[in-house]
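Whatever order the structure lists them in is the order used to number ligands and atoms, beginning at 1. Index from 1, following the sequence. Everything quoted here is computed from the prediction, not taken from an experiment.
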Amino acid sequence: FVKPLYPVTPSRPPSTVSYVERARQHRWQCSDVTFHCSEGALRQQWIQTIREQLTALTSRPKHLLVYINPHGGKQQGECIYEQKVAPLFACASISTDVIVTEHANHARDHLKTEAELKKYDGVVCVGGDGMFSEIVHGLVSRTQRENGVDQNSPEEKLVPCSLRIGIIPAGSTDCICYATVGINDPVTSALHVIVGDSQPMDVCSVHHNNTFLRYSSSLLGYGFYGDVLADSERKRWMGPARYNFSGFKTFLTHHHYEGAVSFLPATDILGTPRDKTRCRAGCFICQHDGQLYSGDSPEESKTAPDVSDREYEMGWGVVRGKFLAINAASMSCACPRSPKGLSPAAHLADGTTDLILVRKCSRFNFLRHLLRHTSKDDQFDMTFVEVHRVRRFRFTPRHWQNDSELDLRENGKQLFSQICRDHPACSCSPAYSSWNCDGEILPHAAIEVGVHCQLIKLFTRGIEEQPLFEDLANPPCAL
Ligand SMILES: CCCCCCCCCCCCC/C=C/[C@@H](O)[C@H](COP(=O)(O)O)NC(=O)CCCCC
Ligand SMILES: Nc1ncnc2c1ncn2[C@@H]1O[C@H](COP(=O)(O)OP(=O)(O)O)[C@@H](O)[C@H]1O
Ligand SMILES: [Ca+2]
């Protein structure tokens, strides 16, 4: 953006160009450079040329629809937007319609039915993963309805959304922002929106008995992460610290859950969950939708996942047993708590999810497994942990029959599990956990999940490789 500064010397006013500059650790910032020119006509020519160059960049958004959750995280959403983001959008000549949400699902329902989406080049959400999930549900559902696609059919191919989504982190975990940008910083995210970055992302659909339940773009977690979330929801007043409290409490309860996980392994792909390479900006694997490619490819990624010791039913692997946690990570799920994430080698846009099964083990071993999420050690290199890269999976809890059982569960066993959850010393284990679906609780234990490759796009470029020397970073880019 070029702005003339008045008045310094009224006959020869300087002009300022604002540009994006890389700072440390994936942070971007905005800087200014001021030009002086003694000739008015030449100066005008400079301004005109820069403006023309910027207008020619069609990937940059000009009109955005912004939703702010005023209650996310530390309840700073409005303040973060007004002070850090709105001035940058204004500087980049981006016009905005801003909606501060008044209740849960306000943004989702507005996007689904009312919003005049043709007016916008993208949607921005200011909040955490729950708020992002609302935007995804609104946009994906609307796109399917407008294209006559039935969301209730688990096998249906969904139509990708055309509008990009920007995330301004103002929530508690902000995992989706961290795992796609490399940092939770509102200014960095706003600058990625302004320069018009685009990153495709996979979305999982979750069904129960041929009924659509929800979409998930980061974590689907049963057992440990489901229980942490269920407990933490009752402690929202604690803010982001609720997860530390509920995490510790859930760790002490050490509940396990019995059931069968069946999964369709992604055998025809590049990459495995045990790769040393990471999904980064311009990722080779995501550029090919994860499909096996005959050209040169990273050698280590060519091996198919090892499922040879599994039971097989029609090409599906089946694992039965007692689990402390069943996690499906469609992306790394990196966040400040775990900078490498639940599945460090997962890809943002390869059409697969990493299914992590943590079998019943001692508290000590489970603690070792959890602590490895925060160190360089491999959290999958433990006898009670297995990980598979899959396209679809199903979970059926033991003793699960049909929906009438759900009623029984809701009336009786929920009460039982509630009592047990509130008494960590109690040795009995509840029969069912719940699913943590991007930070929202799912009421069903038995679910069927399918991955939809590159269903949505974000205003980011994926995590950039850190330059070997910070001062050799790429040249700046004008706003
Ligand atoms: C004893 C050391 C324990 C270290 C455990 C580290 C493992 C942390 C991995 C966390 C993965 C989080 C995946 C993201 C989940 C979010 O979608 C969800 C909702 O976020 P938000 O809407 O912003 O609140 N957050 C959670 O479910 C919190 C999980 C916390 C687990 C301790
Ligand atoms: N105005 C509102 N009042 C109450 N809840 C809201 C509002 N707007 C959004 N929500 C809901 O708040 C929940 C948490 O939002 P999120 O932004 O993810 O914050 P956090 O990261 O702290 O969980 C989501 O389930 C979202 O649907
Ligand atoms: Ca993926």
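- For Arg242, a nitrogen or oxygen atom sits less than 3.5 Å from a nitrogen or oxygen atom of ligand 2, counting backbone and side chain alike.
- Among protein heavy atoms, the minimum distance from atom 12 (C) of ligand 1 is reached at Cys335 SG, 4.2 Å.
- When the N, O or S atoms of Asp202 are ranked by distance to the Ca ion (ligand 3), OD2 comes first.
- For the residues His71, Glu102, Arg236, the heavy atom positioned nearest atom 13 (C) of ligand 2 is part of Arg236.
- Close contacts between ligand 1 and Asp438 involve ligand atoms 17 (O) [criterion: under 4.0 Å to a heavy atom].
- Protein heavy atom closest to atom 17 (O) of ligand 1, with residue, atom name and distance, is Asp129 OD2, 2.9 Å.
- Under the 4.0 Å criterion applied to side-chain N and carboxylate O atoms, Glu134 and Arg108 are not assigned as salt-bridge partners.
- Closest heavy-atom approach to atom 19 (C) of ligand 1 within the set Gly439, Gly341, Pro336: this belongs to Gly439.
- Ring pair His369/Phe384 is perpendicular by interplanar angle, where above 60° counts as perpendicular and below 30° as parallel.
- Under a 4.0 Å criterion applied to the non-hydrogen atoms of Asp129, ligand 2 contributes the atoms 18 (O).
- At least one side-chain heavy atom of Arg337 sits under 4.5 Å from a side-chain heavy atom of Asn244.
- Minimum interatomic distance between Arg389 and Pro273 (heavy atoms only, all atoms of both residues): NH2-CA, 3.5 Å.
- Regarding atom 24 (O) of ligand 1, its nearest protein heavy-atom neighbour is Tyr243 OH, 2.6 Å.
- The name of the N, O or S atom in His347 nearest to the Ca ion (ligand 3) is O.
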Task: Check against side chain to side chain contact (heavy atoms under 4.5 Å, CB included), Leu64 and Phe89 - done: CA-CA 9 Å; Leu64 292 172; Phe89 284 172; 4.0 Å; yes
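- Judged purely by atom type and a 3.5 angstrom limit, Asn147 has no side-chain atom pairing as donor or acceptor with the backbone of Val149.
- Side-chain contact between Tyr215 and Val206 is absent, with no heavy-atom pair separated by less than 4.5 Å.
- When distances to the Ca ion (ligand 3) are checked against a cut-off of 3.0 Å, Met331 contributes no N, O or S atom below that limit.
- Using a 4.0 Å cut-off between charged nitrogen and carboxylate oxygen, Asp350 and Arg391 do not count as a salt-bridge pair.
- The closest protein non-hydrogen atom to atom 27 (O) of ligand 1 is Asn436 ND2, 2.9 Å.
- The pair Asp121-Arg164 does not meet the salt-bridge criterion, since no charged nitrogen lies less than 4.0 angstrom from a carboxylate oxygen.
- With a heavy-atom cut-off of 4.0 Å, Ser172 touches ligand 1 through backbone and side chain alike.
- Nearest non-hydrogen protein atom to atom 23 (O) of ligand 1 is Thr173 N, 2.8 Å.
- Between Glu386 and Arg359 there is a salt bridge, since a side-chain N of the basic residue sits under 4.0 Å from a carboxylate O of the acidic one.
- Between Gly77 and Ala170, the closest heavy-atom pair is CA-CB, 4.0 Å.
- Here's the thing with Gly130: one of its N/O atoms is less than 3.5 angstrom from an N/O atom of ligand 1.
- Ranking protein heavy atoms by distance to atom 7 (C) of ligand 1, first place goes to Tyr225 OH, 3.5 Å.
- When only non-hydrogen protein atoms are considered, atom 6 (C) of ligand 1 lies nearest to His373 CB, 4.0 Å.
- A heavy-atom separation below 4.0 Å is not found between Glu233 and ligand 2.
- Take the N/O/S atoms of Asp350: the one nearest the Ca ion (ligand 3) is OD1.
- For ligand 1 and Asp174, the ligand atoms under 4.0 Å from any heavy atom of the residue are 23 (O).
- One finds no salt bridge joining Glu464 and Arg280 here, because no Lys/Arg side-chain nitrogen approaches an Asp/Glu carboxylate oxygen to under 4.0 Å.
- With distances taken over non-hydrogen atoms, the option nearest atom 20 (P) of ligand 2 out of Gly239, Ser172, Gly128, Pro240 is Ser172.
- Coordination check, Thr352 versus the Ca ion (ligand 3): passed, since an N/O/S atom of the residue sits under 3.0 Å.
- A cation-pi contact links Arg394 to Trp316, judged by a cut-off of 6.0 Å to the six-membered ring centre and 45° from its axis.
- Which parts of ligand 2 touch Gly72 is read off a 4.0 Å heavy-atom cut-off, strictly below it: atoms 17 (O), 19 (O), 22 (O).
- Pairing each heavy atom of Met131 with each of Val126, the nearest pair is CG-O, 4.0 Å.
- The existence of a salt bridge linking Arg372 and Asp378 is excluded, since no basic side-chain nitrogen approaches an acidic carboxylate oxygen closer than 4.0 Å.
- Every atom of ligand 2 with a heavy atom of Gly127 under 4.0 Å away is listed here by number and element: 17 (O).
- The protein heavy-atom contact nearest to atom 5 (N) of ligand 2 is Ala104 N, 3.7 Å.
- For atom 11 (C) of ligand 1, the candidate residues are Leu342, Leu367, Thr250; the nearest heavy-atom contact is made by Leu342.
- Separation of the His110 and Tyr67 ring centroids falls under the 6.0 Å cut-off.
- Residue-ligand proximity, Glu440 to ligand 2, at heavy-atom distances under 4.0 Å covers atoms 24 (C), 25 (O).
- Atoms of ligand 2 lying under 4.0 Å from at least one heavy atom of Thr101, given by number and element, are 1 (N), 2 (C), 7 (C), 8 (N), 9 (C).
- For atom 9 (C) of ligand 2, the candidate residues are Thr173, Ile135, Leu229, Asn69; the nearest heavy-atom contact is made by Asn69.
- Residue contacts with ligand 1, taken as heavy atom pairs separated by less than 4.0 Å, involve Leu371 solely via side-chain atoms from C-beta onward.
- Counting atoms of ligand 2 from 1 in the listed order, those under 4.0 Å from a heavy atom of Gly171 are 21 (O).
- For the pair His106 and ligand 2, no heavy-atom separation below 4.0 Å is found.
- Contact annotation: for Arg242 versus ligand 1, heavy atoms closer than 4.0 Å belong to the side chain alone.
- In this structure, the side chain of Asn184 engages the main chain of Tyr178 through a donor-acceptor pair within 3.5 Å.
- For atom 26 (C) of ligand 2, the nearest non-hydrogen atom from the set Glu134, Gln75, Met131 belongs to Glu134.
- In the model, Ser172 has a side-chain atom that pairs as donor or acceptor with a side-chain atom of Arg242 under 3.5 Å.
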Task: Residue pair Arg214, Asp438: steps toward the salt bridge (charged side-chain N to carboxylate O under 4.0 Å, His left out) verdict - done: CA-CA 10 Å; Arg214 282 194 79 86; Asp438 291 355; over 6 Å; no
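- A heavy-atom distance below 4.5 Å is found between the side chains of Val98 and Tyr81.
- Nearest protein heavy-atom neighbour of atom 5 (C) of ligand 1: Leu370 O, 4.1 Å.
- Each of the following atoms of ligand 2 lies closer than 4.0 Å to a heavy atom of Gly130: 18 (O).
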TODO: Before giving the answer on side chain to side chain contact (heavy atoms under 4.5 Å, CB included), spell out for Ser153 and Phe212 the whole-Å C-alpha distance, their side-chain angles and the decisive distance to 0.1 Å.
DONE: CA-CA 7 Å; Ser153 162; Phe212 167 74; over 6 Å; no
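- Atom numbering of ligand 2 starts at 1 in the shown order; those under 4.0 Å from a heavy atom of Gly73 are 19 (O), 20 (P), 22 (O).
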